[in-house]
Amino acid sequence: MKRREFIKSGLAAGAAVGLAPTLMSWIPSHNWEGYDFGGGPEVKDRLYQGPFSQYEPEAFYGGGVIQYTTPGKQLINCFGMGMTSYISGDYGSPVVEGQTLEQTIDGLFTFPLATKVYIRPNWRHLQKHPGKLEFDDYWKITMEKAEKYGKRVGFRVMMNNPDIVENALPEFMLEKLKLYKLKGEWKGDPTQPRFQHEHLQPDYSDPYFLECFEELHSLLSEQFNGSPLIEYMDTEMYGFWGEGHTWPYKGNPYKNQVQAEETFLKMFDIQQKCWNKVPLVTNTQPDCAFVGNSALLDKTIRSGNWIRTDSILIENEQIEALSNRPAWTAAVCEAGMTHGGGHNYRIDEDGMPDGDVAMLHVKDVGANYYSLWNHHNINPQYLHDYYDRFPDTLNELSQCIGFRVRPSWIWENESNGRTNLVFGMVNDGISCVPGVLRLTLFNDEGTVNVGGCLDAGFPKTTGVRQAMITLPEGVDWRTSKLKLKAELEVKGQTYPIPFAIAQKLNPDGSLTIEQNVNG
């Protein structure tokens with residue numbers, strides 16, 4: 001998109017009409033590194049994390065190394081990260097000639113590198129009448145397969161979709177809502193749906209619209225808030241695809257920018273109230289439509305939620321936000337592997353396919369999630385075709401996407417007649433931990449169960465975060481068959497995290513404490 005000139009002209013127009021910043025929540029552009037977003041998620045049961053000096057006059061819990069681990073390359077399926085297979089993008093139900101819908105969705109679930117799936121239905125695909133949900137088949141099949149394969153679902157409900165001729169809203173809403181035509185036009189191939197209509201927009205501040213919006217999220221959250229099937233939900237934003245813009249059109253349906261921002265933040269509050277156990281993921285789209293994107297993004301970070309982008313070769317400010325976000329904030333990167341069509345690949349002058357170009361830039365921003373997506377040609381065979389021909393970058397990304405934590409060192413020491421174990425936690429992934437990591441020492445008999453949490457976002461992708469757990473009185477780690485497990489805490493929910501190590505793990509992803517250092 002050529003949005004830069006549009007943003008500049010819009011800012012000039014705003015200044016001309018005398019917008020009062022004191023009346024708005026507009027957040028001016030800023031560098032994200034070092035910016036004060038608050039302290040992050042609450043850390044309960046904080047473990048002692050240093051100093052660990054061991055010689056007089058400052059003998060603070062130093063000790064000798066008893067065990068080490070080294071990085072593993074295994075594919076990890078855990079909350080907060082993953083390669084994400086797209087079940088639906090913008091056209092709704094995937095259609096593959098010669099396959100049933102269930103066969104196609106099953107093929108997308110079983111792509112070998114996919115540990116998550118993503119679905120982007122239009123509102124009308126979930127609700128046909130007031131007061132109840134009526135899911136289209138592709139939503140229902142996706143949830144059934146998610147349970148079968150143990151792969152969580154990320155999703156967004158689109159209130160506006162330029163890639164279909166019909167309106168994304170249910171008919172019962174369209175009968176009562178006034179739709180507005182924006183200034184400008186969108187020129188292009190008239191055989192494509194997005195160039196066949198006027199893209200009329202509702203006024204989201206309309207009380208009836210907000211009533212329906214809250215009802216939708218109340219109904220959905222009754223079933224899916226805190227469900228083991230759900231990974232995250234994209235914040236439903238203004239405009240095209242729910243991404244926070246109506247480019248290339250000018251203006252918006254609101255009376256003024258203040259009303260636009262107030263409405264946007266009210267809609268976020270509704271989603272935050274309904275989805276208090278599920279991360280909300282807000283697009284980093286610049287506010288070219290003047291509807292409050294900057295305020296929404298800021299509120300997203302401060303409330304412990306996550307961010308995303310719908311491209312990776314994109315504006316400066318999106319890359320700034322993604323790559324310098326707070327450590328505890330996950331980043332979702334949507335970037336197509338290819339436009340699909342068998343071997344119809346776009347290759348640059350150096351022989352690199354565009355999918356690999358996208359993946360390497362996803363690494364640059366330290367993403368938690370990457371989209372296995374063929375744009376408007378969703379087909380499991382296209383994923384396999386690409387993987388068969390270009391496996392290296394996909395394999396490499398699958399082994400570093402997100403966070404990959406492990407206790408690289410384990411020390412022991414004694415103080416006040418008690419034994420302490422100190423864990424030198426490292427992260428071999430490309431993103432920090434998107435929440436709070438809890439460590440627990442336990443045994444199968446249940447006589448030992450002690451632990452606590454690291455600071456939010458730790459361990460980071462560089463450095464070692466040391467944390468100490470004191471064993472119960474009389475417990476000897478050499479004979480008690482202790483195990484160490486990790487869990488991720490996000491929005492009050494706890495998720496098991498397997499260690500990414502080359503050494504043997506227990507079936508539950510925990511590590512048995514046993515000496516492997518001699519001398």
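These numbers were taken from a predicted model, which means no experiment stands behind them.
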| message | I'd like to know whether the aromatic ring centres of F458 and W328 sit less than 6.0 Å apart in this structure. | response | no

| Is any side-chain heavy atom of L297 closer than 4.5 Å to a side-chain heavy atom of N293? | no

| request: Taking the side chain as every heavy atom from C-beta outward, state whether F442 and D444 have any pair of such atoms under 4.5 Å apart. | output: yes

| message | Classify the ring geometry of Y86 against Y118: parallel below 30°, tilted from 30° to 60°, perpendicular beyond 60°. | response | tilted

| message | Using side-chain heavy atoms (C-beta onward) and a distance below 4.5 Å, is M425 in contact with L454? | response | yes

| query | Taking the inter-plane angle between the rings of H245 and W241 on a 0 to 90° scale, is it parallel (under 30°), tilted (30 to 60°) or perpendicular (over 60°)? | reply | tilted

| field | Side-chain touch T440/E487, heavy atoms, less than 4.5 angstrom | value | yes

| task | Take the angle between the ring planes of Y138 and H125 and call it parallel below 30°, perpendicular above 60°, tilted in between. | result | perpendicular

| said: Ring centres under 6.0 Å, that's the criterion: do F172 and H129 meet it? | reply: no

| said: Are the side chains of L280 and Q272 in contact, using a 4.5 Å heavy-atom criterion? | reply: yes

| D136/K140 ion pair, N-O < 4.0 Å | no

| Centroid-to-centroid, Y204 to F213, below 6.0 Å? | no

| message | Distance alone, cut at 3.5 Å: any donor-acceptor contact between the side chains of H30 and E320? | response | no

| Stepwise, does the side-chain hydrogen bond (donor to acceptor under 3.5 Å, both in side chains) test hold for T309 with Q318? | CA-CA 7 Å; T309 185; Q318 294 206 54; 2.8 Å; yes

| message | Between T104 and N379, is there a side-chain heavy-atom distance shorter than 4.5 Å? | response | no

| request: Give, for atom CD1 of I230 and atom NZ of K277, the distance between the pair rounded to the nearest 0.5 Å. | output: 13.5 Å

| F111 and F109 aromatic centres sub-6.0 Å | no

| query | Can you list the residues that meet the ring pair (Phe, Tyr, Trp, His ring centres under 6.0 Å) rule with W306, with sequence neighbours excluded? | reply | F79

| query | So F224 and W275, ring pair (Phe, Tyr, Trp, His ring centres under 6.0 Å) or not? Walk me through it. | reply | CA-CA 9 Å; F224 297 109; W275 300 96; 7.3 Å; no

| request: Start with the C-alpha gap between K151 and K145, add the side-chain angles, then the distance that decides, and say whether side-chain contact (heavy atoms from CB on, under 4.5 Å) holds. | output: CA-CA 8 Å; K151 297 183 179 182; K145 298 292 182 182; over 6 Å; no

| request: Could you check if a side-chain atom of Y254 sits within less than 4.5 angstrom of a side-chain atom of Y238, using non-hydrogen atoms only? | output: yes

| R308 bridged to E334 by N-O distance under 4.0 Å | yes

| message | Does Y232 form a ring pair (Phe, Tyr, Trp, His ring centres under 6.0 Å) with Y369? I'd like the steps, not just the answer. | response | CA-CA 11 Å; Y232 60 79; Y369 299 89; 5.3 Å; yes

| Yes or no on side-chain hydrogen bond (donor to acceptor under 3.5 Å, both in side chains) for N506 and T512, after CA distance, side-chain angles and deciding distance? | CA-CA 7 Å; N506 300 307; T512 298; 3.1 Å; yes

| task | Kindly indicate whether a cation-pi arrangement holds for R120 with W373, taking the cut-offs as under 6.0 Å to the six-membered ring centre and within 45° of the axis. | result | yes

| Going by heavy atoms in the side chains, are C400 and D428 under 4.5 Å from each other? | no

| query | Taking the inter-plane angle between the rings of F37 and W32 on a 0 to 90° scale, is it parallel (under 30°), tilted (30 to 60°) or perpendicular (over 60°)? | reply | tilted

